[in-house]
Amino acid sequence: MSYYDYIIIGSGIAGLYTALLAKEAGSVLVLTKGSIEDCNTRYAQGGIAAPIGGNDSPELHLQDTIDAGDGLCDLEAVRILVTEAPDRIADLIKFGVPFDTLDGEIALTREAAHSVPRIIHAGGDATGEHIEVTLSRRVRMSSIKVLEYCLATQIILEAGKVKGVRALDCRTGLVEEYECRFVIIATGGAGRLFKYTTNSEVATGDGIVLAFQAGAEITDMEFFQFHPTAVRLPGVPPFLISEAVRGEGGILRNVEGYQFMSDYTPEAELAPRDVVARSILYEMRKTGSDRVFLDVTHIPARRVATRFPHIYRFCLDHGLDITKGLIPVAPAAHYLMGGVKVNTWGETNIDGLFAAGETACTGVHGANRLASNSLLEVVVFSKRIVEKTRSTANADQSAITTQDDCYHLEERKKLKAVPRLNLSNLESLLWDNVGIVRSAEGLSRAVDVLANWQALLPQSTDRPSYELNNMVLNARLMAEAALLRQESRGAHFRTDFPKSSSDWQKHIVFKVNDCT
Ligand SMILES: Cc1cc2nc3c(=O)[nH]c(=O)nc-3n(C[C@H](O)[C@H](O)[C@H](O)COP(=O)(O)OP(=O)(O)OC[C@H]3O[C@@H](n4cnc5c(N)ncnc54)[C@H](O)[C@@H]3O)c2cc1C
């Protein structure tokens, strides 16, 4: 059995950036279930938030993050995020990420709910692609061992401590075990749970299941962000139209051409994502349409094509010149705020087990993520994971302890008729019942169906069956948490509890073992 100091599961920004730092401290194995560049990271458009502008400050960035998080951000984690941001951006530049510049300075743009321009970008709207390509090239040139098409299926523990990882070679079907000192789960989010999603096909929540089954705490699963604007064209997967397009002056119109956002909120197009997504949903219902329009025709054509080359090209390839015509858009599932509960050093409650990136819940996003804070969260907290594993000074610092409401997954009533378990039924169940607007009725239905599916899950044998089983468990955790939280807060909106309640200013944690 091969032995490594670090095993990192995933090759998005979290996996690759952590691997590049960890190789300075020991041997590193990266396991990734597709090719190295299969991930959500490469689709990130808008950029990375960092308080580096002349009229900005960490304090202002902190305030915007906390406002978006709607009472559930971890203040210490947010302070770390905004304070360490400039150094981590400098690291990315050192690695070679070609951020856009203006007059010799890093160019900054503004996105919704940021009070000043603070979004750094690369290739206009191709930030994620530039990051992924730069980091993967560096990893390939380094001593880091990468196993592609290798799906992690289990965290191996010995006496309550991490011992290694079991993985399936998706090409040969063989199962291998790899031993290590530290495992870092960097498997990304779970956006594939929903019928309409901006996420890549890898986003099936595998890391949450790996951690949960190992006994780690999973938290904030009810907080899932829906992006307000993804292209809605028949037969075309929802393609994200970055927030930055509204930041640059893009206007939302309903199918009758009416500019509706200021009817819902004075912040209009620049309101937080959940507000814009719900407003669009209501407007679609009001007009009996499955879409609204994003209008950039008033912005100079050259500006649109140079600032958003990726979006411009994508739409043009689908027969739409956005400098002349309106873009049909609708909300789509986008980002999981919750995940594997970690402290500010990326540690879970299991010795030797860490989580980084979208699969982790550091607490910086609270109930709703501020746009472009996720890539920043990755680099800030991945760096801290490696620092923690290297540092003996920090070795006695206790890992996380649960202070929030802790739950198990209980048995549910057996349904007489259960829909067939397949990907399409799962995605529709979640979109219809655990989506942008929720209620006890829909959530109870989802929970019951999911629990019945869970009881019947077949043994996983290959990547699709592992992923489907993982998605059912993720869906169950999400629906259960959403049903428990009898209020509306951040991205979690319930028609039967439309206001937030101080009783719920706490986190919901799920654990497979004892909650003590
Ligand atoms: C369209 C889009 C636009 C976005 N725009 C922005 C933006 O502008 N700014 C911003 O801050 N954020 C943005 N985000 C969010 C941000 O891109 C992600 O949160 C971030 O890239 C997640 O990085 P990650 O490394 O955690 O996960 P990912 O990049 O998704 O990588 C996960 C990796 O884990 C691997 N993996 C998963 N399961 C397993 C398993 N069982 N075994 C082995 N490997 C596994 C996957 O194959 C993949 O390599 C955007 C997201 C999307 C989808």
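When a ligand or atom number is given, it counts from 1 through the structure's own listing order. Values reported hereafter were calculated over all heavy atoms of this structure, with side chains retained and with hydrogens, waters and symmetry mates removed. Please read all numbers here as calculations on a predicted model, not as lab measurements.
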Exceeds 12 heavy-atom contacts within 6.0 angstrom, atom CZ of Arg137: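 Result for CZ/Arg137: open.
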
Mutual orientation of the aromatic rings belonging to His61 and His114 [parallel < 30°, tilted 30-60°, perpendicular > 60°]: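 Rings of His61 and His114: tilted, as their planes differ by 30° to 60°.
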
Verdict with reasoning, Ile120 to Ile89, per side chain to side chain contact (heavy atoms under 4.5 Å, CB included): CA-CA 9 Å; Ile120 299 161; Ile89 298 299; 3.8 Å; yes

Salt bridge (Lys or Arg N to Asp or Glu O under 4.0 Å) partners of Glu158, counting only residues at least two apart: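 Expected list: Lys163.
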
Close-range residues for ligand 1, whose non-hydrogen atoms fall below the 4.0 Å threshold: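 Shell around ligand 1 (4.0 Å, heavy atoms): Ile9, Gly10, Ser11, Gly12, Ile13, Ala14, Leu31, Thr32, Lys33, Asp38, Cys39, Asn40, Thr41, Tyr43, Ala44, Gln45, Gly46, Gly47, Cys150, Leu151, Ala152, Ala186, Thr187, Gly188, Thr198, Asn199, Val202, Asp206, Leu240, His334, Tyr335, Gly357, Glu358, Arg369, Ser372, Asn373, Ser374, Leu375.
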
Test applied, side chain to side chain donor-acceptor pair (under 3.5 Å); reference residue, Tyr335; option that passes from Glu358, His365, Arg273: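 Single side chain to side chain donor-acceptor pair (under 3.5 Å) partner of Tyr335 among Glu358, His365, Arg273: His365.
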
Distance flag, aromatic centroids of His318 and Phe314, threshold under 6.0 Å: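 Here the rings of His318 and Phe314 have centres that are less than 6.0 Å from each other.
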
